[in-house]
Amino acid sequence: MFNKYYLNHLQELESEAIYVIREVAAQFDRPAILFSGGKDSIVVTHLARKAFWPARIPMPLIHIDTGHNFSETIEFRDELVSALGIQLIVGSVQQAIDKGRAVEEQGINASRNELQIVSLLDTIEEHKIDAAMGGARRDEEKARAKERFFSHRDEFGQWDPKNQRPELWNIFNGRKRMGEHFRVFPISNWTEMDVWNYILEENLAIPSLYFAHHREAIYRDGTWLPNSEFLVLREGEKIETKYMRFRTLGDITITGGIESDADTLEKIVVEVSATRSTERGMRSDDKRSDTSMEDRKKQGYF
Amino acid sequence: MELLRFTTAGSVDDGKSTLIGRLLYDSKSIFEDQMEAVKQSSERKGLQHVDLSLLTDGLRSEREQGITIDVAYRYFATPKRKFIIADTPGHIQYTRNMVTGASTSNLALVLIDARHGVIEQTCRHSFIASLLKIPHIIVCVNKMDLVDYSEQVFNKVVEQYHEFASKLDIKDIRYIPISALDGDNVVNHSENMTWYKGASLLNTLETIHIGSDENHLDARFPVQTVIRPHADEYHDYRGYAGRVAGGIFRPGDNITILPSGLTSKIKSIDTFDGPVLEAFPPMSVSICLEDDIDVSRGDMIVKNNNQPEVGQDIDVLMCWMSAKGPRPGAKYYLKSTTREVMAIIKEVIYKIDINTMQRLDQDTDIKMNDMARVRMRTTRPLIFDEYRRNRITGSLILVDEATNETVAAGTIHA
């Protein structure tokens with residue numbers, strides 16, 4: 001029964017993602033890749049490189065800068081952009097706050113996570129982006145499990161989960177009115193495990209934050225929150241030095257890490273395959289309510 | 001490791017959520033924090049048991065109404081295979097979701113309650129699977145614990161289903177007696193049903209042969225976009241980017257471009273990782289030709305000696321997916337592979353009652369969730385195969401010119 005004409009699951013997922021990325025380039029006038037510096041957007045960027053080789057990626061990267069960054073992420077971003085020879089657009093949350101377009105959250109768990117929505121939508125509008133590709137995956141969160149590859153957003157950038165377009169076979173409908181845009185998710189069908197196995201197989205460069213390293217952190221809500229100039233200590237909390245790494249990368253104020261000695265890609269793959277909790281379990285933004293991701297997505301979140 | 005995509009459909013009571021929950025849980029795809037969150041939500045709602053459907057019903061309105069509204073995609077893997085489940089709701093008003101889930105699946109999981117046997121809903125799911133040409137069906141006769149694990153009851157259900165399915169076009173049907181609640185025959189062989197000698201559900205999912213599901217005979221390459229680097233190094237490079245939809249392409253093949261009919265020869269088949277000697281479905285590659293001829297998005301590269309249909313009159317089995325029925329004489333964007341043309345519905349030949357599989361010759365008024373056989377006419381030629389030969393080159397969607405909504409999906413029959 002041996003059949004040489006078959007792809008293994010990573011090859012098939014790669015081929016599907018390349019197909020989706022090429023559809024984006026073909027169906028839209030001003031597409032872009034949303035780049036966070038995290039592993040998923042690194043994989044999407046790599047897939048885009050494959051999709052258009054030997055030409056350059058025919059679209060810019062967009063980075064929404066909360067101002068609360070890991071410096072490693074920014075260095076990584078700048079090196080990647082210069083290696084690819086493509087344009088980088090930065091949308092600044094600090095600027096949105098300064099202009100009065102967004103209001104800083106107050107309190108002990110304050111974060112700029114929700115404020116990214118304002119900067120993201122402003123950036124999309126300012127640069128007339130009609131399709132923004134991101135690295136979100138359906139296995140991440142239950143509201144994402146029902147997301148389409150081509151996800152329509154109205155003129156306010158909002159998502160209407162009850163009125164999504166049916167998506168059949170491999171036919172994607174990117175038709176829209178003026179002022180509307182699409183979010184596109186080429187790696188929808190990948191799991192966290194697939195992403196890590198792919199990074200290992202393709203030997204992709206990723207920010208050092210993903211590898212185990214010594215870092216100052218405090219223990220809060222079940223994760224190790226990194227020390228930074230933005231951290232406000234609660235009573236009883238104390239800063240410790242931990243050998244740790246991050247499973248996801250976001251704003252430094254909300255991204256918790258885990259104690260780990262995984263300092264190579266191989267060790268990370270082993271660690272992820274044995275782990276018993278989800279990566280977003282480390283993210284305080286998803287713990288706010290049962291449907292907090294859905295609520296943010298409706299407003300225009302990534 | 002291969003990828004198997006399958007679809008499930010079921011209603012609230014037939015144990016579908018329990019079965020999916022068990023497959024995910026037993027394959028360690030549900031994480032502790034997800035389980036903890038579901039436990040807490042169940043307790044808040046005052047439920048006695050952990051409601052595994054909360055794992056899949058993620059949208060606020062679904063949680064409020066306690067029903068699944070949309071297709072939810074779920075993922076799990078064993079050391080042998082990776083699985084993608086398109087989990088669709090079973091009630092009749094969600095035919096469009098069942099069709100959506102079925103469109104990308106290699107296999108359909110049909111659940112039958114052992115106490116009730118084949119019911120209307122079973123027929124509906126199976127009929128849709130057959131219309132969408134899903135190659136494999138696994139019939140799980142569930143709740144065997146409630147019929148004393150009786151072999152007679154199981155045999156009776158199998159016989160009933162077998163008779164019904166003889167009217168369908170499904171090549172591979174298997175039957176497994178299970179109890180999703182207790183896990184009998186789901187992952188491990190059941191000690192309560194020693195009379196059953198077949199494989200467990202998971203074992204069947206892991207080993208069922210899917211390598212022949214793709215069409216490896218008719219070479220089809222719909223062009224997505226043209227790659228032109230504009231760099232000194234690749235000054236004259238012109239690659240036609242796309243995903244192989246059928247057959248096997250090799251450098252040196254004599255090819256025809258459709259619809260123009262121009263011919264050439266394949267110079268190379270390129271990928272980022274280097275040139276390949278063979279390209280087959282579902283590979284994404286770029287094809288370079290020996291001659292500098294006009295090829296653009298929506299064209300199809302095929303082999304000279306094996307060509308698809310090119311025409312403007314097509315016979316389509318359609319599932320209507322929009323709340324408003326078709327407007328008389330309305331024009332639609334018709335999308336098939338990478339090609340987009342305008343089209344009108346010239347005639348509704350008949351509607352199909354998806355519960356009885358009867359033709360309704362007198363009823364030609366199409367509404368949401370209706371299946372109908374229609375004749376369509378396109379403004380420019382379509383390049384297609386019969387759906388039964390190729391699920392990619394034989395499928396299409398209709399997009400409303402005014403609202404941009406996807407209003408219908410169709411399979412091409414001639």
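To find a chain, count down the sequence lines: A is the first, B the second, and so on, and within it residues start at 1.
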Looking at B:T100 and A:P166, would you say the former's side chain and the latter's main chain have a donor-acceptor pair under 3.5 Å?
no
Look at the side chain of A:R165 and the backbone N and O of B:N404, then say whether any donor-acceptor pair between them is shorter than 3.5 Å.
yes
Proximity breakdown for A:A51 and chain B, heavy-atom pairs closer than 4.5 Å
backbone
Just wondering, do A:M193 and B:K82 contact through their side chains at under 4.5 Å, heavy atoms?
no
Within the 4.5 Å heavy-atom criterion, are B:R243 and A:I18 side-chain neighbours or not?
no
So A:W169 and B:I392, do their side chains get closer than 4.5 Å, heavy atoms only?
no
Residue A:R56 versus chain B: region with a heavy atom under 4.5 Å
neither
Does any heavy atom of chain B fall under 4.5 Å from the side chain of A:N173, the backbone, both, or neither of them?
both
I'd like to know if A:E23 pairs up with B:K335 as an ion pair, taking the criterion as any Lys NZ or Arg NE/NH1/NH2 lying under 4.0 Å from an Asp or Glu carboxylate oxygen.
no
So do A:L7 and B:F280 actually touch side chain to side chain, heavy atoms under 4.5 Å?
yes
Distance (rounded to the nearest 0.5 Å) between B:I84 CD1 and A:H9 NE2
9.5 Å
Would a 4.5 Å heavy-atom cut-off, applied to side chains only, mark A:L168 and B:S395 as touching?
no
Name all residues meeting the side-chain contact (heavy atoms from CB on, under 4.5 Å) criterion together with A:S41; count only those two or more places apart in sequence or in a different chain, and write none if there are none.
A:F35, A:S36
Sidechain N-carboxylate O distance under 4.0 Å for A:K50, B:D273
yes
Chain B heavy atoms under 4.5 Å from A:E16: which part of the residue, side chain, backbone, both or neither?
both
Taking the side chain from B:Q224 and the backbone from A:A26, do they hold a donor-acceptor pair closer than 3.5 Å?
no
Atom pair CD1/CZ of B:I397 and A:F172 - distance to nearest 0.5 Å
10.0 Å
Describe, in one word, how the ring planes of B:H216 and A:Y5 are oriented to each other, choosing from parallel (under 30°), tilted (30 to 60°) and perpendicular (over 60°).
tilted
Who among A:L10, A:L13, A:T191, A:I171 has the most heavy-atom pairs with chain B under 4.5 Å?
A:I171
Greatest number of heavy atom pairs closer than 4.5 Å to chain B - which of A:E180, A:R148, A:E202
A:R148
Could you measure the distance from the CD atom of A:E192 to the OH atom of B:Y75? Nearest 0.5 Å is fine.
14.5 Å
Option that, when pairs with chain B are counted at under 4.5 Å, heavy atom only, ranks first among A:Q11, A:E167, A:K176, A:H152
A:K176
Determine whether B:E233 and A:P54 make a side-chain contact, defined as any pair of heavy atoms from C-beta on separated by less than 4.5 Å.
no
Hey, does A:Y6 have a side-chain heavy atom less than 4.5 Å from the side chain of B:L3?
no
What pair of heavy atoms forms the shortest contact from B:T403 to A:R177, and how long is it?
CA-NH2, 3.9 Å
Between atom OG1 of B:T225 and atom CD of A:Q27, what is the distance when rounded to the nearest 0.5 Å?
11.0 Å
Engaged part of A:E12 at the chain B interface, taking heavy atoms whose separation is under 4.5 Å:
both
